[in-house]
Amino acid sequence: MAERIRVRFAPSPTGKVHIGNIRAAIFNWLYARHVGGEFLLRVEDTDLERSTPEAIQALLDCMRWLRLDWDGEILYQTSQRAHHLEVAEDLLRRGLAYRENKGGQGECVIFRMPKEGVIEYDDLVKGHMRKQAKDTQDFVIVRSDGSPVFHLANVLDDITQGVTHIIRGDDHVENTFKHIMLFRAIGAPVPQYAHLPMIVNNQGKPYSKRDGSAFVGEFRELGFVPDALFNYLALLGWAPGDDREVMTRAEMVGAFDFAKCKASPARFDIKKLTWMNGEYIAREPRADFEAAFDARLQAAGLPTEPLNGLRDALLDEIQPRTKTYGDVPANCRWFFAEDYPFDPKAVAKRLHAEGVPALLDEVAAALEALPGFDVPAIEAAVRALAEARGAGLGALVHPIRVAVSGRAEGPGLFETLWLLGRERSLRRLRGVAARLREGSL
RNA sequence: GCCCCCAUCGUCUAUCGGUCAGGACACGGGCUUUUCAUGCCUGUAAGAGGAGUUCGAUUCUCCUUGGGGGUGCCA
């Protein structure tokens, strides 16, 4: 019977989870689910300074938000310290490691790397890898202060957890040769390795917070939905081979394959992520959209009920054009509050034109005279007025829109007026006309 | 310096020797006879350079160039 495949995500909790890091988690998860193996979580909390309970909580929140469910209990690396040191002692006894005091920092334990021959392995994404022993160096496994170093702890914990496949960032490639020798020295089977290309910025350097949002929490704040972020990140370095891009979890799990993973770095493109996020939001069930939508309005100090009611009709207009939830308050504030900001560019272009005040008053009068105030009637009235003035529809539509919303874009104008309601529309139209005349806008 | 890796449109990618080098994002144009969004149609845009192997290279090999990673007490 084949051995059950086990992979792991082994982050050190530092308070914030970097997208490059979570991408590694995503690939691990995808692979585990694809092969029906186990996805383990190990918290490498050896840095006591940064590994606070809050940092660990932030990590777990992030995992849950992205629905990266793990199997079994979490292994905390600090709990393995005694074991790590025992093994170091054993390596020492067997002459595979030695003590040395270099630079007067005290004695540390150093692992011996081979002096001749070659170390090689087959990387699931990078192919055959080899390194001459002469190009390697012995390395510290226990610091002079008695604490185990990453290399030792990492390898031992992988043995303890029965990890069969190590899927991690490209920055660990060099460590792999060291780790392989450690596995051998300890007498444990060497796992399979898969090194994922780095996520880089426009300069081709590792993507960092200097390049924009780099932590999962920030994307959450900005109003990206977890499935979109997951989907986008999964596509950085992997493609199913056909032209699918927006995919469900099940589709991604089904199609995932290291043979389709690229070995070259991938640039992070916020524009494409934003597009994909819009795709996900547009397809969300209305209840989900409403929950996120309301939360954003409330956070901005706005009511969740539009000034003129008609909430469902309003949401029909808003949902398909929402790219990120963070944009919600600014994009539809005028439907929920009487005070709404005017975009200076829109004002300059559409309102600061000859005859606009008179036009707005005329529109108001026409709308006021309407027997009923519904979309077809509004449209007919505006069109009739345009014709009477011998003007194009655009000459009326744009100033009206900016007057009632302060912005140059939004739902269709006739729908916008209807959603706003007659009284409010008239008041805004006349109010803006007056302000334009007195030069206060 | 030394070691390792990488290289297709601006970006993410498809192509597993023979393709009009395809798709998506972004950008431009058009239509849906108002904006924005959506949808549909459409345009611009790529195999870093040089050898070699081959009837034939984006694809295989080598070199150069460029980029990235690593280089004994970060992880």
Side-chain angles (χ1 to χ4, degrees), chain A residues 10-12 14 21 44 46-47 50 77 100-103 105-113 123 125-127 129-132 134-151 153-154 168-178 195 197-200 202-206 232 235-246 259-260 262-276 278-279 282 317-323 331 346 350 379 382-383 386 392-402 405 407-414 416:
Chain A
S12 1
T14 57
N21 233 275
E44 303 209 329
T46 50
D47 181 338
R50 296 193 295 178
Q77 189 156 70
E100 190 175 299
N101 182 349
K102 185 173 181 182
Q105 296 176 60
E107 268 195 340
C108 60
V109 180
I110 297 174
F111 181 73
R112 287 185 207 284
M113 283 295 273
D123 195 290
V125 346
K126 301 176 83 73
M129 303 284 279
R130 52 186 287 138
K131 186 118 185 153
Q132 296 296 326
K134 66 177 173 55
D135 292 324
T136 67
Q137 286 181 300
D138 296 353
F139 59 95
V140 176
I141 53 176
V142 178
R143 296 189 187 83
S144 47
D145 67 2
S147 61
V149 168
F150 160 75
H151 302 296
N154 190 262
R168 53 173 26 167
D170 230 349
D171 49 337
H172 283 293
V173 171
E174 294 294 322
N175 293 333
T176 304
F177 299 101
K178 298 177 180 177
H195 287 95
M198 307 291 282
I199 293 179
V200 300
N202 290 326
Q203 283 72 248
K205 309 271 187 192
Y232 177 73
L235 255 23
L236 247 32
W238 171 71
D242 44 37
D243 290 326
R244 285 181 294 170
E245 292 204 309
V246 177
K260 304 295 286 180
K262 297 252 298 184
S264 51
R267 217 152 289 203
F268 184 79
D269 181 7
I270 188 74
K271 287 226 186 83
K272 187 153 187 176
L273 202 212
T274 302
W275 163 77
M276 189 169 274
E279 293 291 306
E317 296 293 330
I318 302 299
Q319 183 168 357
R321 61 194 87 213
T322 298
K323 294 298 176 202
N331 283 350
R350 305 299 186 185
E379 175 165 1
V382 174
R383 283 183 185 282
L393 198 51
L396 303 208
V397 166
H398 298 297
I400 298 173
R401 169 186 302 289
V402 178
S405 73
R407 320 182 96 236
E409 62 275 329
L413 178 71
F414 311 126
T416 293

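So you know, we letter chains A, B, ... as the sequences are listed, proteins then strands, and number each from 1.
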Rounded distance in Å - [atom1] ([X]) to [atom2] ([N]):
X: A:H151; N: B:C74; atom1: NE2; atom2: P; answer: 10 Å
X: A:D171; N: B:G68; atom1: CG; atom2: C1'; answer: 11 Å
X: A:D135; N: B:G69; atom1: CG; atom2: C1'; answer: 15 Å
X: A:K126; N: B:C5; atom1: NZ; atom2: P; answer: 8 Å
X: A:D170; N: B:U71; atom1: CG; atom2: P; answer: 14 Å
X: A:N21; N: B:C74; atom1: CG; atom2: C1'; answer: 14 Å
X: A:Q137; N: B:G1; atom1: CD; atom2: C1'; answer: 13 Å
X: A:H172; N: B:C74; atom1: NE2; atom2: P; answer: 15 Å

What pair of heavy atoms forms the shortest contact from [X] to [Y], and how long is it?
X: A:A153; Y: A:Q77; answer: CB-NE2, 3.3 Å
X: A:N21; Y: A:P11; answer: OD1-CB, 3.9 Å
X: A:A282; Y: A:Q319; answer: O-NE2, 3.7 Å

Please confirm whether the shortest side-chain N or O distance from A:K205 to OP1 or OP2 of B:G68 is below 4.0 Å. yes
Counting only side-chain nitrogens and oxygens, does A:R130 get under 4.0 Å of the OP1 or OP2 atom of B:C5? no
Using the [atom1] atom as the point on both nucleotides, what is the distance between [M] and [N], in whole Å?
N: B:G30; M: B:A21; atom1: C1'; result: 27 Å
N: B:C9; M: B:U58; atom1: P; result: 14 Å
N: B:G43; M: B:G22; atom1: P; result: 11 Å
N: B:A37; M: B:G50; atom1: P; result: 43 Å
N: B:U44; M: B:G28; atom1: P; result: 16 Å
N: B:G66; M: B:G18; atom1: P; result: 32 Å
N: B:C40; M: B:A45; atom1: C1'; result: 22 Å
N: B:A14; M: B:C6; atom1: P; result: 15 Å

Would you say A:Y232's side chain and A:W275's backbone share a donor-acceptor pair under 3.5 angstrom? no
Between A:T176 and A:V173, is there a donor-acceptor pair closer than 3.5 Å when you use the side chain of the first and the backbone of the second? yes
Please work out which of the three classes, parallel, tilted or perpendicular, describes the rings of A:F139 and A:F111, given edges at 30° and 60°. tilted
The residue, A:Q105 or A:M129, whose nearest nucleotide of RNA chain B is more 5′ is A:M129
Return whichever of A:P206 or A:V173 has its heavy-atom-nearest nucleotide of RNA chain B closer to the 5' end. A:V173
Salt bridge check, A:R244 against A:D242: does any charged N sit closer than 4.0 Å to a carboxylate O? yes
A:Q105 side chain near A:R143 side chain, heavy-atom distance below 4.5 Å: no
Which nucleotide in B:G72, B:C3, B:A75 has an atom nearest any side-chain atom of A:E174: B:C3
If we call it a pair only when both distances are under 3.5 Å in a Watson-Crick or G-U wobble match, what pairs with [N]?
N: B:C16; answer: none
N: B:A37; answer: none
N: B:C62; answer: B:G50
N: B:A21; answer: none
N: B:C2; answer: B:G70

Between A:D170 and A:H195: side-chain donor-acceptor atoms closer than 3.5 Å: no
For A:S405 and A:R401, test the side chains for any donor-to-acceptor distance below 3.5 angstrom and give the result as yes or no. no
Steps toward ring-ring contact (aromatic ring centres under 6.0 Å, His included) verdict (A:F150, A:H172): CA-CA 12 Å; A:F150 160 75; A:H172 283 293; 5.6 Å; yes
Can you give one letter per nucleotide of nucleotides 10-16 of chain B, going 5' to 3': B for a protein heavy atom under 4.0 Å from the base, S for sugar-phosphate only, - for none? -SBSSS-
5' to 3', nucleotides 27-44 of chain B under a 4.0 Å protein heavy-atom cut-off (B base, S sugar-phosphate only, - none) gives -------BBBSS------
If you look at every strand shown and take non-hydrogen atoms under 4.0 Å, does A:N175 touch a base, only sugar-phosphate, or nothing? base
